[in-house]
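We count ligands from 1, going down the list as the structure has it; atoms in each ligand are counted the same way. Please read all numbers here as calculations on a predicted model, not as lab measurements. Position 1 is the first residue of the sequence; numbering continues from there.
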Amino acid sequence: MMKKRIAILGSTGSIGTQTIDVLDAVGAEVAALTGNRNVKRMEEQVRKLRPKLAVLSDEAAAKELRIALADTSVEVCAGEEGLRRAATMESAELVVTAVVGMVGLVPTLEAIAAGKDIALANKETLVCAGELVMQAAQEKGVKILPVDSEHSAVFQCAQARGENPLAKIILTASGGPFFGKTRAELASVTLEQALRHPNWSMGAKITIDSATMFNKGLELIEAMWLYGLPPEAIDIVIHRESIVHSLIEFADGAVLAQLGLPDMRLPIQYALTYPERVPCKVPHLSLAEIGKLTFFTPDEEAFPALRIARNAAGERGNACAILNGANEAAVDLFLHDKIGFLEIPELVERALADVPRCGGLTLAQVLEADAMARETVYSAR
Ligand code: NAD
Ligand code: MG
């Protein structure tokens with residue numbers, strides 16, 4: 001296989017570090033790395049991978065990194081401009097988008113405009129501006145390769161579809177740390193409990209999203225854009241073991257699934273080697289050892305996030321950008337112990353009720369909806 005040249009946006013995070021962990025298997029070379037303020041980890045990554053460009057969004061941290069790397073020829077940049085440069089590096093053909101949140105949107109659009117294929121982990125990008133991103137990718141003829149495990153599962157299964165359309169997508173959800181709890185019980189759960197995910201070790205924001213089930217709501221919207229299906233054709237099923245990563249259904253009722261241990265390195269690697277497959281570090285699955293797989297209907301009374309996301313998805317326009325911005329702000333408040341767990345969906349619903357809708361959707365309208373949604377949430381506190 002030819003050595004792939006890639007840029008990793010968000011290389012210091014959970015997906016970023018796991019991407020670096022599969023680089024040897026993939027045979028990829030790194031042109032640029034970006035992080036937020038973790039100087040030490042970025043310095044280690046730069047010394048190991050020798051990219052041309054290293055970016056830290058935080059100005060002070062970037063200054064520190066520049067001093068730490070003074071003995072190298074690696075260029076160090078800061079801020080949004082740095083992120084954009086990393087996304088459009090001439091020497092990269094593929095960009096892994098592993099930053100968290102809608103800050104990933106503009107760099108992703110710029111990477112697409114520059115003709116880069118995208119290995120997409122940053123789901124918030126598709127949630128707030130799926131239409132713009134998919135349209136831009138189509139116009140430019142670049143691939144959007146899903147990294148999210150459920151969407152990778154759908155993508156992998158879909159390789160077997162030939163000319164047949166998908167009748168349905170079935171996304172699996174672990175149910176998170178609070179599966180089985182009633183609404184009354186959820187009123188008193190703590191931040192510490194919410195951060196303890198049973199099956200996956202991930203960044204803080206997505207871990208809270210998994211606890212509220214907004215993660216699955218965001219993934220429903222992500223799947224809608226990636227596969228061009230209406231929200232009604234996307235089902236959610238709780239699957240506690242996180243072994244079946246998702247399924248597709250055809251017109252005749254046949255269902256295909258992709259299975260494996262819960263480890264992001266496989267979907268990350270497949271996005272980087274597609275359409276080829278190469279050996280992966282992840283231990284192989286032993287079904288007999290797993291023993292049994294269980295499935296349940298989600299409890300939308302205790303976890304209203306699914307219903308809220310499904311409604312926003314059906315609306316199109318700027319509703320999903322409002323939902324995403326409000327959720328990012330509410331999760332931020334929860335992570336800083338400013339609100340209780342049940343207030344997260346309440347604040348998202350309030351933003352959806354208060355922020356005005358618009359019909360079409362430009363980038364400026366997405367950014368405006370996002371800003372207004374955040375403002376609604378922060379000012380409610
Ligand atoms: P994380 O918090 O571990 O890492 C986030 C990365 O983004 C870090 O490199 C951080 O430095 C950078 N970052 C944070 N704020 C930034 C800002 N304002 N400007 C620029 N860079 C910033 O998050 P993660 O768990 O790796 O998740 C990354 C994305 O991948 C998210 O969109 C998440 O939903 C998605 N995802 C993650 C997993 C997982 O297993 N971790 C699985 C599926 C999808
Ligand atoms: Mg997922």
Ring centers of Phe341, Phe178 separated by less than 6.0 Å
yes
Residue and atom name of the nearest protein heavy atom (relative to atom 18 (N) of ligand 1), distance in Å to one decimal:
Val103 CG1, 3.9 Å
the protein heavy atom lying closest to atom 44 (C) of ligand 1 turns out to be Asp148 OD1, 3.6 Å
Answer yes or no: does atom CD of Glu368 have more than 12 heavy-atom neighbours from other residues, nucleotides or ligands under 6.0 Å?
no
N/O of Met202 under 3.5 Å from N/O of ligand 1, yes or no?
no
Ligand 1 versus Thr12: contacting region, heavy-atom distance under 4.0 Å
both
Leu83-ligand 1 polar pair, N/O distance under 3.5 Å
no
Residue, atom and distance of the protein heavy atom nearest atom 14 (C) of ligand 1 read Val100 CG1, 3.7 Å
Is Ala98 close enough to touch ligand 1? Criterion: a residue heavy atom under 4.0 Å from a ligand atom.
yes
Aromatic ring proximity, centroids under 6.0 angstrom, Phe155 and Tyr274
yes
Ignoring hydrogens, just give me the one of Val127, Leu56, Asn36 whose non-hydrogen atom is nearest atom 17 (C) of ligand 1.
Asn36
Hey, does Gly203 come in under 3.5 Å of ligand 1, counting only N/O atoms on both sides?
yes
At what distance is the nearest protein heavy atom to atom 33 (C) of ligand 1, and which residue and atom is it?
Ile206 CD1, 3.9 Å
Out of the candidates Lys123, Lys216, His245, only one should pair with Glu150 under the side-chain hydrogen bond (donor to acceptor under 3.5 Å, both in side chains) rule; please name it.
Lys216
Gly16 N/O to ligand 1 N/O under 3.5 Å:
no
What residue and atom, counting heavy atoms only, is the protein's closest point to atom 4 (O) of ligand 1, and at what distance?
Gly13 CA, 3.2 Å
When you look at CZ of Arg37, are more than 12 heavy atoms from neighbouring residues, nucleotides or ligands closer to it than 6.0 Å?
no
Can you check which of Ser201, Ser14, Ser57, Ser152 brings a heavy atom nearest to atom 24 (P) of ligand 1?
Ser14
Does either side chain, that of Glu219 or that of His151, offer a donor lying less than 3.5 Å from an acceptor on the other one?
no
Phe250 six-ring face occupied by Arg161 cation (under 6.0 Å, within 45°)
no
Among non-hydrogen protein atoms, atom 32 (O) of ligand 1 lies closest to Glu124 OE1, 2.7 Å
Any idea which protein heavy atom is nearest atom 34 (O) of ligand 1, and the distance to it?
Lys123 CE, 3.2 Å
Looking just at side-chain N and O atoms, do Thr273 and Gln269 make a donor-acceptor pair shorter than 3.5 Å?
no
Of all N, O or S atoms in Asp148, the one closest to the Mg ion (ligand 2) is OD1
I'd like to know if the side chain of Asn311 pairs up with that of Glu315 as donor and acceptor (distance under 3.5 Å, no hydrogens or angles considered).
no
If I compare all heavy atoms of Ser246 with all of Thr172, which pair ends up nearest, and what's the gap?
OG-N, 3.3 Å
OE1 (Glu150) to the Mg ion (ligand 2) to OE2 (Glu219) angle, given to the nearest 10 degrees:
100°
Residue, atom name and distance, where the atom is the protein heavy atom closest to atom 7 (O) of ligand 1
Val99 CA, 3.3 Å
